[in-house]
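This report concerns only the one structure given below.
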Amino acid sequence: QVQLVESGGGLVQAGGSLRLSCAASARTFGNYAMGWFRQAPGKEREFVARIIWSGGITYYADSVKGRFTIARDNAKNTLYLQMNSLKPEDTAVYYCALGTGAGTGSNDYKYWGQGTQVTVSS
């Protein structure tokens, strides 16, 4: 099975920045998609951003568009999420995921990381 290991979560103040990383055990991803999801307290898991691995085509949820940037490093088999202008409502557990499509639903992704906590204080 593909293993996804996340890092970079933590506590930051509103307006600050944070960069999440997700290292994958696979040596290459080809045309697969990788995405970030998050789950806030009392809410369902929601889509944040995704990238098509081979071409770098990105898509973002409206709530983070213009503030977050998803990127990948093929040589390192690593996915990143650069989060700027963070707000308290961004507080959630963030998950990276690997899938074979380009959808925005959780069911479009087969492999998941363990999640990393991001907390944004006022």
Side-chain angles (χ1 to χ4, degrees):
Q1 297 290 328
V2 174
Q3 302 293 321
L4 305 176
V5 180
E6 297 150 309
S7 62
L11 174 65
V12 297
Q13 64 265 31
S17 298
L18 199 63
R19 181 174 62 90
L20 305 182
S21 300
C22 178
S25 62
R27 190 170 301 277
T28 182
F29 296 110
N31 293 322
Y32 298 126
M34 291 196 73
W36 289 97
F37 291 76
R38 67 186 182 186
Q39 187 167 17
K43 297 183 179 179
E44 296 294 319
R45 188 172 300 183
E46 66 174 342
F47 169 80
V48 175
R50 74 103 173 91
I51 186 168
I52 305 299
W53 195 263
S54 62
I57 300 170
T58 60
Y59 183 76
Y60 299 89
D62 289 341
S63 60
V64 305
K65 197 170 186 177
R67 299 188 298 121
F68 291 9
T69 302
I70 188 171
R72 85 277 191 260
D73 187 324
N74 188 56
K76 297 180 180 180
N77 291 323
T78 300
L79 179 72
Y80 302 98
L81 184 67
Q82 178 66 48
M83 304 183 293
N84 298 323
S85 302
L86 283 163
K87 304 177 181 297
E89 50 263 43
D90 294 318
T91 295
V93 177
Y94 284 71
Y95 301 87
C96 65
L98 172 66
T100 58
T104 60
S106 296
N107 291 336
D108 295 317
Y109 296 84
K110 183 177 181 179
Y111 303 100
W112 294 81
Q114 77 285 354
T116 184
Q117 177 70 48
V118 172
T119 302
V120 184
S121 62
S122 300

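Note that this is a predicted model, so its numbers are computed, not measured.
No more than 12 heavy atoms of other residues, nucleotides or ligands shown are found within 6.0 angstrom of OH on Y59. At most 12 heavy atoms of other shown residues, nucleotides or ligands fall within 6.0 angstrom of atom CD in E44.
Nearest heavy atom pair, residue V93 against residue Q117, reads CG2-OE1, 3.3 Å. Residues W53 and D73 come closest through the heavy atom pair CZ2-O, 3.9 Å. Taking all atoms of both residues into account, the shortest heavy-atom contact from P41 to T91 is CD-O, 4.3 Å. For the pair G99 and Y32, the tightest heavy-atom approach, listed with the atom from each and the gap, is O-CB, 3.3 Å. Considering every non-hydrogen atom in both Y109 and G103, the closest pair reads OH-O, 2.9 Å. Taking every heavy atom of both residues into account, E6 and G113 meet most closely at OE1-C, 3.4 Å.
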Show your reasoning for whether side-chain contact (heavy atoms from CB on, under 4.5 Å) applies to Y80 and R72.
-> CA-CA 6 Å; Y80 302 98; R72 85 277 191 260; 5.9 Å; no
side-chain contact (heavy atoms from CB on, under 4.5 Å) between W36 and C22: does it pass, once the steps are laid out?
-> CA-CA 10 Å; W36 289 97; C22 178; 3.9 Å; yes
Hey, mind stepping through Y60 and V48 against side-chain contact (heavy atoms from CB on, under 4.5 Å) and telling me if it holds?
-> CA-CA 6 Å; Y60 299 89; V48 175; over 6 Å; no
Given the rule in the side-chain contact (heavy atoms from CB on, under 4.5 Å) test, do R38 and S63 qualify, once you have shown the distances and angles that lead to the verdict?
-> CA-CA 12 Å; R38 67 186 182 186; S63 60; 3.5 Å; yes
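Taking a cutoff of 4.0 Å between a charged side-chain nitrogen and a carboxylate oxygen, R67 and D90 qualify as a salt bridge.
Contact annotation: the side chain of V64 never approaches that of M83 to less than 4.5 Å [non-hydrogen atoms, C-beta and beyond]. Residues Q39 and Y95 have side chains in contact (heavy-atom distance under 4.5 Å, counting atoms from C-beta outward). Taking 4.5 Å as the limit, every side-chain heavy atom of V12 sits out of range of all side-chain heavy atoms of T119.
In this structure, the separation between CG on L81 and CZ on R19 is 10.5 Å, given to the nearest 0.5 Å. Atom CD of Q114 and atom SG of C96 lie 7.0 Å apart (nearest 0.5 Å).
Hydrophobic clustering, with ILVMFWY side chains joined whenever heavy atoms are under 4.5 angstrom apart, groups Y111 together with Y94. Cluster membership check: M34 shares its hydrophobic cluster with V2, using side-chain heavy-atom separations under 4.5 Å among Ile, Leu, Val, Met, Phe, Trp and Tyr.
Side-chain contact annotation: N84 with S17, donor-acceptor N/O pair under 3.5 Å present.
Between L79 and the options L4, L20, I51, a side chain to side chain contact (heavy atoms under 4.5 Å, CB included) holds for only I51.
Between F37 and F47, the ring-plane angle classifies as perpendicular under the 30° and 60° cut-offs.
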